**Student:** 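Got a structure for you, questions after.
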Protein chains: 2
Amino acid sequence: MENSNRSLYDCQKCMFKALSSRYMPPEDFELIRRTSVQLQFEKGETILKQGATSHQLVYLHKGVVKFNYRYETGKNYIMTIVSGPKLLGGTNLFFKETNIFSLVAMESCDVCLIDGKALRSVAQKHASFLLAMCERTTEMFQSSIFNFISMAHKQVNGRIADILIYLWEEVYKNNPDDFVLTRKEIAEFAACSHENVINTLSKFNKEGIITLEGKRIRINDFKKLHDISKRG
Amino acid sequence: MENSNRSLYDCQKCMFKALSSRYMPPEDFELIRRTSVQLQFEKGETILKQGATSHQLVYLHKGVVKFNYRYETGKNYIMTIVSGPKLLGGTNLFFKETNIFSLVAMESCDVCLIDGKALRSVAQKHASFLLAMCERTTEMFQSSIFNFISMAHKQVNGRIADILIYLWEEVYKNNPDDFVLTRKEIAEFAACSHENVINTLSKFNKEGIITLEGKRIRINDFKKLHDISKRG
DNA sequence: GATAAAACATGAATTATTTCAGCCTTTGAA
DNA sequence: TTCAAAGGCTGAAATAATTCATGTTTTATC
């Protein structure tokens with residue numbers, strides 16, 4: 001983590017700023033901006049740690065992060081993976097001080113940490129802004145609900161198909177070459193052993209549904225993936 | 001569903017009214033009350049249907065409801081079970097018009113359907129109220145996240161232990177005799193076959209952890225249940 | 001370039017889970 | 001009271017998933 005004084009990016013180009021400006025005058029946004037800090041996180045770095053208290057809201061400007069839950073046994077579970085630009089608030093951070101999971105950068109990420117107190121005080125002045133923010137974070141939450149349902153109720157074939165579809169359509173859509181999860185990470189996401197992931201992926205590979213090029217996964221047949229997903 | 005004109009219960013005793021009163025004058029609450037309707041739902045009745053559009057927030061005054069997700073294949077999954085009094089908003093209803101799951105009464109329920117438009121307009125006037133509501137619905141959401149994690153990552157023993165603990169401590173705490181889920185419902189909650197539920201429960205029964213008295217389940221040894229839950 | 005660590009891969013043995021077939025019990029309606 | 005339907009229960013067979021043992025490839029580091 002590099003605590004730079006210079007700006008990583010221009011606030012004028014930030015979607016959070018754009019959203020805010022619709023609901024408040026510049027001087028109110030200025031309070032938020034002044035109390036915020038821009039940081040860069042490298043691959044593997046923890047942005048927020050599970051169990052720690054945090055008074056900040058994370059705005060992910062650029063990059064991909066995983067929501068990581070760690071059991072006492074040391075096992076990790078990836079709850080979801082998202083790409084910026086996105087406001088990562090809601091359940092973990094927005095209204096709770098203790099993080100229920102960690103946020104970990106999966107590639108180089110530009111992040112803005114927004115002070116919760118300042119945000120709250122501004123939000124109280126501008127209820128429409130608060131409503132809009134709630135809608136955003138609720139949306140993100142909804143998409144992870146579908147992940148959860150899939151993980152809880154489908155077999156490994158269907159779970160992995162769902163994960164591939166999700167990652168492709170929601171996360172790596174615009175830059176599929178960055179799609180480089182390890183088998184272990186896919187296993188932590190799909191809630192199964194990494195051997196099972198490997199076997200399932202090579203089965204998909206043999207059937208021509210995907211192509212494995214080393215780490216990189218190329219999806220050839222979305223229709224079949226959707227079929228597998230539906231079958232469970 | 002009995003669309004009675006008379007009041008099922010006195011608004012003065014409602015927790016939602018109590019919450020509201022802390023943040024707004026009586027005349028504003030009156031707008032919410034006027035646009036709301038009290039209804040009684042019998043066991044098995046659907047309060048809100050998955051896929052339908054709804055412009056209302058559900059306040060569960062009394063009773064137990066399940067959050068039911070139905071796949072195209074016709075299979076049902078219970079996402080969570082909650083007891084009143086509780087505001088059932090957030091992900092399903094608060095900010096989305098299409099319900100992503102159904103709400104089904106598991107016993108006789110007193111429910112108040114609050115008009116979303118009226119609520120929104122009042123909420124915009126009183127941002128602290130909106131903030132408080134977000135906190136409530138977020139809390140409920142958090143607890144269901146832990147359910148999901150358990151369902152996705154534990155084996156049937158651990159999942160059923162978790163469900164028993166959850167239902168006991170959060171739902172049927174005050175009236176354990178109402179604890180009458182069918183084995184099929186437990187299976188839909190635990191994401192496994194109902195035979196597996198039956199086998200696991202009779203195993204727990206033989207080990208003295210629980211006692212099966214027909215449909216009723218009595219929990220004897222919470223410590224062992226927690227052990228099983230931890231082991232996974 | 002050598003080396004160590006991590007990731008990837010495969011198959012066999014073990015364990016977990018579902019499916020199936022059969023039967024008993026309870027419940028509610030005719 | 002009878003009957004059908006639904007729920008509960010059990011064990012065996014089939015399927016799915018994990019664990020384990022082993023070896024290869026890739027990646028990072030010195």
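Nothing here was measured: the structure is a model prediction, and the numbers come from that model. Each chain gets a letter, A, B and so on, in the order the sequences are listed, and its residues count up from 1.
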**Student:** Here's a test for you: under salt bridge (Lys or Arg N to Asp or Glu O under 4.0 Å), which of A:Lys223, A:Lys230, A:Lys224 qualifies with A:Asp227?
**Tutor:**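 The residue from A:Lys223, A:Lys230, A:Lys224 that satisfies salt bridge (Lys or Arg N to Asp or Glu O under 4.0 Å) with A:Asp227 turns out to be A:Lys223.
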
**Student:** Which whole-number value in Å describes the distance from B:Lys43 NZ to D:dA6 C1'?
**Tutor:** 12 Å

**Student:** Could you work out which one of C:dT17, D:dT10, D:dT18 sits closest to the side chain of B:Asn199?
**Tutor:**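 Nearest nucleotide to the side chain: D:dT10.
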
**Student:** Just by distance, do the side chain of B:Thr46 and the backbone of B:Lys49 share a donor-acceptor pair under 3.5 Å?
**Tutor:** no

**Student:** Just compare D:dC9, C:dT18, C:dC8 and give me whichever is closest to any side-chain atom of B:Ile198.
**Tutor:**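 Nearest to the side chain of B:Ile198 among the choices is D:dC9.
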
**Student:** Check whether any side-chain heavy atom of B:Ile114 lies under 4.5 Å from a side-chain heavy atom of B:Gln56, and answer yes or no.
**Tutor:**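 No, their side chains stay 4.5 Å or more apart.
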
**Student:** Between D:dT27 atom P and A:Arg183 atom CZ, what is the distance in whole Å?
**Tutor:** 12 Å

**Student:** Measure from CG on B:Leu201 to P on C:dT17 and round the result to the nearest Å.
**Tutor:** 14 Å

**Student:** B:Glu195 side chain: which of C:dT19, C:dA9, D:dA17 is closest?
**Tutor:** C:dT19

**Student:** What's A:Thr182 touching, base or sugar-phosphate or nothing? Going by heavy atoms closer than 4.0 Å.
**Tutor:**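 Sugar-phosphate, backbone atoms only, no base.
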
**Student:** Let me know the distance between CD of B:Glu188 and P of C:dT18, rounded to the nearest Å.
**Tutor:**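 Value for this atom pair: 13 Å.
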
**Student:** From the set D:dA17, C:dT10, D:dT10, return the single nucleotide nearest to any side-chain atom of A:Gln155.
**Tutor:**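 Among D:dA17, C:dT10, D:dT10, the one nearest the side chain of A:Gln155 is D:dA17.
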
**Student:** 5'-most contact on DNA chain D: A:Cys192 or B:His194, nearest heavy atom basis?
**Tutor:**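 Upstream on the strand: B:His194.
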
**Student:** Mind calculating the distance between NZ (A:Lys203) and P (C:dG11) to the nearest angstrom?
**Tutor:** 14 Å

**Student:** Closest to the A:Ser193 side chain: C:dT19, C:dT17, D:dT19?
**Tutor:** D:dT19

**Student:** Grab the NE2-C1' distance between A:His153 and C:dT17 for me, whole Å please.
**Tutor:**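 In whole Å, C:dT17 C1' and A:His153 NE2 are 16 Å from each other.
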
**Student:** Please tell me which of the listed nucleotides, C:dT18, D:dT18, D:dC9, lies nearest to the side chain of B:Val156?
**Tutor:**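 Closest nucleotide to the B:Val156 side chain: C:dT18.
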
**Student:** Considering only NZ, NE, NH1 and NH2 on the basic side and carboxylate oxygens on the acidic side, decide whether A:Glu188 and A:Lys184 come within less than 4.0 Å.
**Tutor:** yes

**Student:** Using whole Å, report how far CG of A:Asn196 lies from P of C:dA13.
**Tutor:**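 It works out to 18 Å between those atoms.
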
**Student:** Knowing that exactly one of A:Leu88, A:Ile81, A:Asn99 qualifies, which makes a side-chain contact (heavy atoms from CB on, under 4.5 Å) with A:Phe67?
**Tutor:** A:Leu88

**Student:** Could you state the CG-P distance from A:Asn157 to D:dT15, rounded to the nearest angstrom?
**Tutor:**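 These atoms are roughly 15 Å apart.
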
